[in-house]
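Have a look at the structure below, then the notes.
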Amino acid sequence: MFFPSPRMQVSGKRWAFTLIELLVVIAIIAILIGLLLPAVQKVREAAARSQSSNNLKQMALATHSAHDAVGELPPGGPINQWATFFAPGSHKYTGKYLPYNASTAGGDKTTFFWCLLPYIEQENLHRDTPTWNRNFIMGLRPSDPSQIPGGTVPKVYIAPYDPSPYKEVNWSWPYTGGGAVYKMGLISYAANVRALGTTQQGYAGWRVAWHNIGGGTKTLTSFTDGTSNTMILCEKQMVTGQGNMFYQNWGVLGSTGSRPGGINMWATTDTPQTGIPFFGCQCNNPAVTWDDEYGQELDSCRFAAGQPEYFHPPRRRLVPNQQDYRVIYPMSASGVQVAMADGSVRMINTNISIPAWSAAVTPDGGEPVAID
């Protein structure tokens with residue numbers, strides 16, 4: 001005797017799912033999606049990590065191209081030639097990336113990332129500065145007077161997995177457009193001022209900002225530790241800390257966390273250290289533990305005579321309101337990617353030792369420790 005299936009509509013001879021069967025299928029699909037999501041996330045992170053590695057590679061090769069074309073490496077920090085001539089205690093930058101001329105010093109300004117533009121196929125942006133002084137990177141763009149040069153960010157300066165909550169900030173300076181507000185783009189990388197700058201004045205972060213100490217006249221041959229053992233760039237998130245930060249009248253304002261936050265403005269000078277994309281200044285004494293989380297900002301990272309310099313390595317990622325702009329936090333679960341002076345790119349785990357990281361920060365420290 002024939003009994004029709006519950007899934008069969010006898011009148012139409014068509015198949016159909018019962019409600020229970022439908023729920024079971026939905027549950028199975030949900031489980032499969034749950035199992036696939038971590039794998040998809042890993043694939044996306046791997047792709048983003050690969051793109052960031054490629055960005056670092058391009059910038060490292062551009063640094064070599066700049067070195068070959070100009071005869072020396074670009075300055076690692078912002079250079080304001082007004083400070084060279086008129087700010088007591090400042091390093092006098094005599095490098096080839098800016099004129100050494102008191103009469104034009106007020107408009108002669110540059111940064112590491114600005115110097116790289118001609119070598120990453122961004123010559124048009126590099127020349128889009130006021131005709132009266134092509135070095136005045138804080139003027140209005142002749143091609144669009146509603147913008148400043150730093151309002152456009154080359155794609156190579158942005159890491160696709162940068163977790164920062166915004167990619168540009170309001171920027172206002174008394175001598176640009178009468179103090180009008182413009183947009184300044186942010187970037188995901190930082191330059192090693194210890195390797196590219198000078199140590200003559202001490203290298204606390206505020207000296208990077210105001211005293212030109214990122215402005216060395218280094219060549220690759222001066223890296224006596226070897227170009228494969230010296231970092232020149234690393235990943236560093238655009239925004240560190242909590243709050244809607246902005247730049248106004250020589251100040252970076254708006255951080256609301258328990259530690260000082262910061263932003264990576266790539267094409268401006270005359271700003272506090274909280275607005276500059278740099279590393280290679282923060283110290284970490286291996287003989288104590290109280291400075292392991294945030295390090296120390298000092299003029300010298302040599303804690304005892306005869307010892308090497310000791311710098312603060314990347315640390316595990318903290319929640320935004322506990323972050324400090326002087327610390328390098330990983331964008332990836334794998335660690336922080338860095339570019340070496342030979343053009344290679346390496347992944348650095350946050351468990352790296354202080355001596356190993358420090359040896360790679362200095363270009364001429366003579367340390368026997370390798371970053372690997």
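All values reported here derive from a predicted model rather than from experimental measurement.
Taking both residues in full, the closest heavy atoms of Pro118 and Glu123 are given as CB-OE1, 3.2 Å, listed atom of the first, atom of the second, then distance. The shortest non-hydrogen separation linking Gly77 to Val208 is CA-CG1, 4.4 Å. Shown here for Pro75 and Cys115, the closest heavy-atom pair between the two residues is CD-SG, 4.0 Å. Residues Asp225 and Ala359 come closest through the heavy atom pair OD2-O, 4.2 Å.
Looking at heavy atoms from C-beta onward, Pro174 lies in side-chain contact with Asn249 at the 4.5 angstrom threshold. No side-chain heavy atom of Phe279 sits less than 4.5 Å from a side-chain heavy atom of Val338. Contact of the Pro330 side chain with the Arg316 side chain is not registered, since no non-hydrogen atoms from C-beta on lie closer than 4.5 Å. Between Thr230 and Asp364, the closest side-chain pair of non-hydrogen atoms is not below 4.5 Å. The closest side-chain heavy-atom distance from Thr63 to Pro74 is below 4.5 Å. When side chains are defined from C-beta on, Ser358 does not count as touching Glu309, because their heavy atoms never get closer than 4.5 Å. Contact of the His312 side chain with the Arg326 side chain is not registered, since no non-hydrogen atoms from C-beta on lie closer than 4.5 Å. With contacts defined as side-chain heavy-atom distances shorter than 4.5 Å, the pair Lys109/Trp114 does not qualify.
Proximity of the aromatic rings of Trp206 and His211 is defined here by a centroid distance below 6.0 angstrom, and this criterion is met.
Listed for the Lys218 side chain is a donor-acceptor partner under 3.5 Å among the backbone atoms of Ala195. Distance alone, capped at 3.5 Å, is enough to place a donor-acceptor pair between the Lys236 side chain and the Tyr325 backbone. Between the side chain of Asn55 and the backbone N or O of Ile158, at least one donor-acceptor pair lies under 3.5 Å. Checked by atom type and distance alone, the side chain of Gln242 never pairs as donor or acceptor with a backbone atom of Pro320 at under 3.5 Å. At distances below 3.5 Å, at least one donor-acceptor pair connects side-chain atoms of Asn264 with backbone N or O atoms of Gln237. Between the side chain of Ser90 and the backbone N or O of Ala87, at least one donor-acceptor pair lies under 3.5 Å. Gln81 places no side-chain N or O within donor-acceptor distance of the main-chain N or O of Thr104, the cut-off being under 3.5 Å. Looking only at distances, no side-chain donor or acceptor of Glu168 sits under 3.5 Å from a matching main-chain atom of Gly151. Looking at His91, its side chain never comes within 3.5 Å of a backbone N or O of Ala83 through a donor-acceptor pair. Asn349 places no side-chain N or O within 3.5 Å of a backbone atom of Gly335 that could act as its donor or acceptor partner.
Qualifying side chain to side chain contact (heavy atoms under 4.5 Å, CB included) partners for Leu186, counting only residues two or more places apart in sequence or in other chains: Tyr166, Val169, Met238, Val239, Ile263, Met265. Scanning for side-chain hydrogen bond (donor to acceptor under 3.5 Å, both in side chains) contacts around Arg141 gives Asp128, Gln147, Thr152, with sequence neighbours left out. In this view, Ser188 and Asp162 satisfy the side-chain hydrogen bond (donor to acceptor under 3.5 Å, both in side chains) rule, not counting sequence neighbours. Phe136 is linked by a ring pair (Phe, Tyr, Trp, His ring centres under 6.0 Å) to Trp132, counting only residues two or more places apart in sequence or in another chain.
Cluster partners of Ile79, using a side-chain heavy-atom cutoff of under 4.5 Å among ILVMFWY residues and allowing indirect links, are Val70, Tyr93, Tyr97, Leu98, Tyr119.
Around the CZ atom of Arg127, the shell of radius 6.0 Å holds no more than 12 heavy atoms that belong to other residues, nucleotides or ligands. For Lys167, the NZ atom counts as loosely surrounded, since its 6.0 Å shell holds 12 or fewer non-hydrogen atoms of other residues, nucleotides or ligands. For Glu121, the CD atom counts as loosely surrounded, since its 6.0 Å shell holds 12 or fewer non-hydrogen atoms of other residues, nucleotides or ligands. Within 6.0 Å of atom CD1 in Ile20, 12 or fewer heavy atoms from other residues, nucleotides or ligands are found, so the atom counts as exposed in its surroundings.
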**Request:** Could you check Tyr182 against Trp173 for side chain to side chain contact (heavy atoms under 4.5 Å, CB included), going step by step and ending with a plain yes or no?
**Result:** CA-CA 9 Å; Tyr182 301 92; Trp173 195 55; over 6 Å; no

**Message:** What verdict does the side chain to side chain contact (heavy atoms under 4.5 Å, CB included) test give for Phe112 and Val193, after you've listed the backbone C-alpha separation in whole Å, the side-chain angles of each residue and the deciding distance to 0.1 Å?
**Reply:** CA-CA 10 Å; Phe112 174 84; Val193 295; over 6 Å; no

**Request:** Using the side chain to side chain contact (heavy atoms under 4.5 Å, CB included) rule, take Thr129 and Arg134 through it: C-alpha gap first, then chi angles, then the decisive distance, then the call.
**Result:** CA-CA 5 Å; Thr129 49; Arg134 290 293 185 187; 3.5 Å; yes

**Request:** Show the numbers, then the answer: is there a side chain to side chain contact (heavy atoms under 4.5 Å, CB included) between Tyr100 and Phe85?
**Result:** CA-CA 9 Å; Tyr100 186 75; Phe85 290 95; 3.8 Å; yes

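Tyr203 is connected to Met231 through a chain of hydrophobic side-chain contacts under 4.5 Å among Ile, Leu, Val, Met, Phe, Trp and Tyr, so both are in one cluster. Taken together through direct or relayed side-chain contacts under 4.5 Å among Ile, Leu, Val, Met, Phe, Trp and Tyr, Leu125 and Leu140 form part of one hydrophobic cluster. Taking hydrophobic clusters as Ile, Leu, Val, Met, Phe, Trp and Tyr residues chained together by side-chain heavy-atom distances below 4.5 Å, Val327 does not share a cluster with Val336. Under the 4.5 Å side-chain heavy-atom criterion for ILVMFWY residues, a single connected hydrophobic cluster contains both Ile148 and Met245. In the hydrophobic cluster analysis, where Ile, Leu, Val, Met, Phe, Trp and Tyr join through side-chain heavy atoms closer than 4.5 angstrom, Ile328 is grouped together with Ile348.
Under the side-chain contact (heavy atoms from CB on, under 4.5 Å) rule, Pro160 has a single partner from Met331, Gln51, Lys155, which is Gln51. Looking at Thr271, Thr269, Asp270 one by one, the single match for side chain to side chain donor-acceptor pair (under 3.5 Å) with Asn80 turns out to be Asp270. Under the side-chain contact (heavy atoms from CB on, under 4.5 Å) rule, Pro154 has a single partner from Leu116, Ile187, Leu117, which is Leu117.
Distance check: Asn284 CG to Trp290 CH2 gives 9.0 Å after rounding to the nearest 0.5 Å. Atoms CZ and OG1, on Arg302 and Thr199 in that order, are 9.0 Å from each other to the nearest 0.5 Å. Residue Cys281 holds its SG atom at 5.0 Å from CD1 of Ile213, rounded to the nearest 0.5 Å. Taken to the nearest 0.5 Å, the CG atom of Asn212 stands 10.5 Å off from the OG1 atom of Thr198. The distance from atom OG1 of Thr227 to atom CD1 of Ile232, rounded to the nearest 0.5 Å, is 9.5 Å. Expressed to the nearest 0.5 Å, how far NE2 of His67 lies from CD of Glu72 amounts to 8.5 Å.
Donor-acceptor pairing under 3.5 Å is recorded for the side chains of Glu235 and Ser52.
For Arg259 and Tyr294, the positive end sits near the middle of the six-membered ring, less than 6.0 Å away and at most 45° from its axis.
For residues 143-162, the pairs satisfying ring-ring contact (aromatic ring centres under 6.0 Å, His included) are Phe113-Tyr157, Tyr157-Trp266, with sequence neighbours left out.
Using cut-offs of 30° and 60° on the angle between ring planes, the pair Tyr175 and Trp250 is perpendicular.
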